[in-house]
> 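Got a structure for you, questions after.
When a ligand or atom number is given, it counts from 1 through the structure's own listing order. For the numbers below, each heavy atom of this structure counts, side chains included, while hydrogens, waters and symmetry mates do not.
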Amino acid sequence: MILLSGPCAAESRDQVLLTAQRLSEALSSIPSLGAMDNLDFVFRAGVWKPRSQPGYFEGAGIPALSWLQEVQETMGIPVATEVASAEHVELVLKHGIHHLWLGARTTTNPFLVSEIAGALTSYADQLTVYVKNPMSPDLNLWKGAIQRVSDVIGIRHVVAVHRGFSTGQATNLRNNPCWAIVSLLKRHYPDLPILMDASHMSGQRALIPSLCQQAVNLKYGGWMLESHFAPDLALSDANQQLLPEDVKDMLTHLNFRILPDELGLAPFRAEIDELDETIWQLIAQRMQVSSRIGEYKQAHGLPVLQEQRYDDLLQHRLEWARQNEISESLVHSIMDAIHSESCRRQQ
Ligand code: PEP
Ligand code: MN
């Protein structure tokens, strides 16, 4: 399994060296269990940070490359950073860094990906390139970026990183997993290792362990986990960074002994969980609208139950159900339950 861990951003020489040291010590004491026998640890830190809005910490830039180089040379730990242009690639390679990742905002842009791929050629046989999924839930963009990097002649390793998508749907995660997209990616590239970036997917510490377990269940090749010697002081993504020792504890609590029969079901279960979560979020939204309607009815002296409206609504839902081969009785059970709860809220 591969573990990319380290801070969201390289903030100072001390922060980089201390976090790397603490991670290295914590991970060296991991008891060997199952698939963890061979844990390949790569220290990560963003040197240039893509921020959605201006005015936030954008990374320490070029000086941070020397701090990463120091980790690599003095501690013997390979290091990784994000590249978002051909110029970044050149600078990173000049500092002897051979693990590079393309962030979600870069994978979204085929021009940039081609430009970066072009800059990888000189050291291709020494490079491991991690390709994050794009911001939007678009399988072809992710596949396209992976393909452009894989086409670089002699490239050593290409690894996909699943960090979730911006879908606009309300979920308790920062980014929506859209598991179905990963199943399709796996079908297209059966041998491509996929890492779970539980930090950017969750956006909050408490949700990281279950995503990491999900990654084990789905036979991912490892994890990307942001960590910091003092997470609350982090200049970016503070809520999702773990203490180095907590990275170790979390990994040692994962269950690798899953029955082979259960493993086959894991991708379907992940999809069902995601769909159910969407259903519940939508029901909650619908109930909120119902309550607003209730307030309006009350203010205007209108009755709670308006039979004609419910009959019309039911006819439409039955028509949609017929088009999707869903039984009438299911429509009645679901709509009656939703409607009676709406009426209850409006009383
Ligand atoms: C990161 O890994 O630091 C990062 C910016 O991630 P993403 O591209 O997934 O947002
Ligand atoms: Mn981050």
> What atoms in ligand 1 come closer than 4.0 Å to a heavy atom of Gly103?
8 (O)

> Mark up the atoms of ligand 1 that fall under 4.0 Å of a heavy atom belonging to Glu82, in ascending order.
4 (C), 5 (C)

> Which heavy atom of the protein is the closest neighbour of atom 4 (C) of ligand 1, given with residue, atom name and distance?
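Protein heavy atom with the smallest distance to atom 4 (C) of ligand 1: His200 NE2, 3.5 Å.
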
> Relative to atom 9 (O) of ligand 1, which among Met224, Glu226, Arg163 owns the nearest non-hydrogen atom?
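Going through Met224, Glu226, Arg163 one by one, Arg163 has the nearest heavy atom to atom 9 (O) of ligand 1.
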
> What's the separation between atom OG1 in Thr108 and atom CE in Met135, rounded to the nearest 0.5 Å?
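Reported to 0.5 Å precision, the distance equals 6.5 Å.
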
> Atom 3 (O) of ligand 1: which protein heavy atom is closest, and how many Å away?
Lys49 NZ, 2.6 Å

> Could you check which N/O/S atom of Asp237 is closest to the Mn ion (ligand 2)?
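Nearest to the Mn ion (ligand 2) within Asp237's N, O and S set: OD2.
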
> With side chains defined as the heavy atoms from C-beta onward, is the minimum distance between Val161 and Asn133 less than 4.5 Å?
no

> Counting C-beta onward and ignoring hydrogens, is there a side-chain heavy-atom pair between Trp223 and Leu195 closer than 4.5 Å?
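The answer is no, as the side chains (C-beta and beyond) never meet within the 4.5 Å cut-off.
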
> With a 6.0 Å cut-off (strictly less than), is the heavy-atom count around CD of Gln323, excluding the residue itself, greater than 12?
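Yes.
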
> Among all protein heavy atoms, pick out the one at the shortest distance from atom 6 (O) of ligand 1; state its residue, atom name and that distance to 0.1 Å.
Lys132 NZ, 2.9 Å

> Under a 4.5 Å cut-off applied to non-hydrogen side-chain atoms, are His98 and Gln126 in contact?
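They are in side-chain contact.
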
> Which ligand 1 atoms does Arg44 reach within 4.0 Å, using its non-hydrogen atoms?
1 (C), 2 (O), 3 (O)

> At their closest point, which heavy atom of Val158 faces which heavy atom of Ser150, and how far apart are they?
CG2-OG, 3.8 Å

> May I ask you to decide if the ring planes of Tyr130 and His99 are parallel, tilted or perpendicular, using 30° and 60° as cut-offs?
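Parallel: the ring planes of Tyr130 and His99 meet at under 30°.
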
> What is the name of the N/O/S atom in Glu226 that sits closest to the Mn ion (ligand 2)?
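So the atom name we want here is OE2.
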
> How wide is the angle at the Mn ion (ligand 2) between NE2 of His200 and SG of Cys8, to the nearest 10°?
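Reported to 10°, the angle equals 170°.
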
> Are any of the N/O atoms in Ala104 less than 3.5 Å from those in ligand 1?
yes

> State, yes or no, whether a side-chain contact exists between Thr106 and Glu82 at a heavy-atom distance under 4.5 Å.
yes

